[in-house]
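Only this structure's heavy atoms are used, side chains among them; waters, hydrogens and symmetry mates stay out. We name chains A, B, ... by the order of the sequence lines, and we start the count at 1 in each one.
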Amino acid sequence: DSGVTQTPKHLITATGQRVTLRCSPRSGDLSVYWYQQSLDQGLQFLIQYYNGEERAKGNILERFSAQQFPDLHSELNLSSLELGDSALYFCASSVNTGGEETQYFGPGTRLLVL
Amino acid sequence: AQSVTQPDIHITVSEGASLELRCNYSYGATPYLFWYVQSPGQGLQLLLKYFSGDTLVQGIKGFEAEFKRSQSSFNLRKPSVHWSDAAEYFCAVGSYNQGGKLIFGQGTELSVKP
């Protein structure tokens, strides 16, 4: 158990809908990362938040957005869903010790868009 | 461009045999290197990491990896594989200078024969 929690574990929805994925980082970790794992693209970095502020963006679609709240939990919002958005979405949190940063991953949320 | 290559998509070894999973990277900045393991339906578990110093690093579950800068490689090894090691293994590279995001290889699926 990494200490990173994600809810829900599974999500089934229809095209055009909107969903919210939630992540709680490990105690004391200020950074949260979101990744998408799909069969064709592999594991891809989406976005990073640090202590409530967006720090880095990767291959995140405009239909997707995220935020990190004062209690440091994060939410990833996916809207106007398409079949191709079906994937496993991971959240990771990290501790940065003197510039050496290790990310610990949650169990993921499996999204199926029908 | 930054990239991580795991040349072997699928490897099968006999239980008790030795294992080496290959990882090559292309990265402009000084890299940090990681190996993660993903069991079916599970999240990513950190096996080991390299930031600096001794180029041979020890991880959990009896795994080790060696950083070879001249070959841009970070191969994962285990002297004797157990049936429970069957899983997918991901090599990842990151850098403090690149905002901490990880770039992952495509993964190597390990099967273990009894």
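Atom CD of B/Q58 has more than 12 neighbouring heavy atoms from other residues, nucleotides or ligands inside a 6.0 Å radius. Within a 6.0 Å sphere centred on CD1 of B/I60, other residues, nucleotides and ligands contribute more than 12 heavy atoms. For CZ of A/R110, the number of neighbouring non-hydrogen atoms (other residues, nucleotides, ligands) closer than 6.0 Å is 12 at most.
B/K101 NZ to A/K57 NZ: the interatomic distance, rounded to the nearest 0.5 Å, is 13.0 Å. In this structure, B/L102 CG and A/Y33 OH are separated by 7.0 Å, a value rounded to the nearest 0.5 Å. Here the CG atom belonging to A/L43 is positioned 7.0 Å from the CD atom belonging to B/Q38, to the nearest 0.5 angstrom. Here A/Q37 contributes atom CD and B/F104 contributes atom CZ; the two are 9.0 Å apart, rounded to the nearest 0.5 Å.
Scanning residues 83-90 of chain A against chain B with a 4.5 Å non-hydrogen threshold yields A/L88, A/F90, sorted by number.
Heavy atoms of B/Q106 lying under 4.5 Å from chain A belong exclusively to its side chain. Interface residue B/L46: only side-chain heavy atoms are found under 4.5 Å from chain A. Heavy atoms closer than 4.5 Å to chain B are found nowhere in A/Y50, neither backbone nor side chain.
Of all heavy-atom pairs between B/Y32 and A/E100, the closest is CE1-CA, 4.1 Å.
In terms of hydrophobic clustering, with Ile, Leu, Val, Met, Phe, Trp and Tyr side chains grouped at heavy-atom distances under 4.5 Å, A/Y49 and A/L30 are assigned to different clusters. Under the 4.5 Å side-chain contact rule for hydrophobic residues, B/V57 and B/F63 share a cluster. A/L72 and A/L21 are assigned to two separate hydrophobic clusters, defined by single-linkage of ILVMFWY side chains at heavy-atom distances under 4.5 Å. Put simply, B/L44 and A/L76 are part of two different groups of oily side chains (I, L, V, M, F, W, Y) that touch within less than 4.5 Å, one to the next. A single hydrophobic cluster is seen to contain both A/V19 and A/L61, as judged by linkage of ILVMFWY side chains at heavy-atom distances under 4.5 Å, directly or through other members.
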For residues 47-56 of chain B, dump all side-chain donor-acceptor pairs below 3.5 Å to protein atoms at least two apart in sequence or in another chain.
{"from": "B/K49", "atom 1": "NZ", "to": "A/T102", "atom 2": "OG1", "distance (Å)": "3.1"}
{"from": "B/D54", "atom 1": "OD1", "to": "B/L56", "atom 2": "N", "distance (Å)": "3.1"}

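Side chain of B/Y36 to main chain of A/F105: no donor-acceptor pair is present (N/O by atom type, distance under 3.5 Å, no hydrogens or angles).
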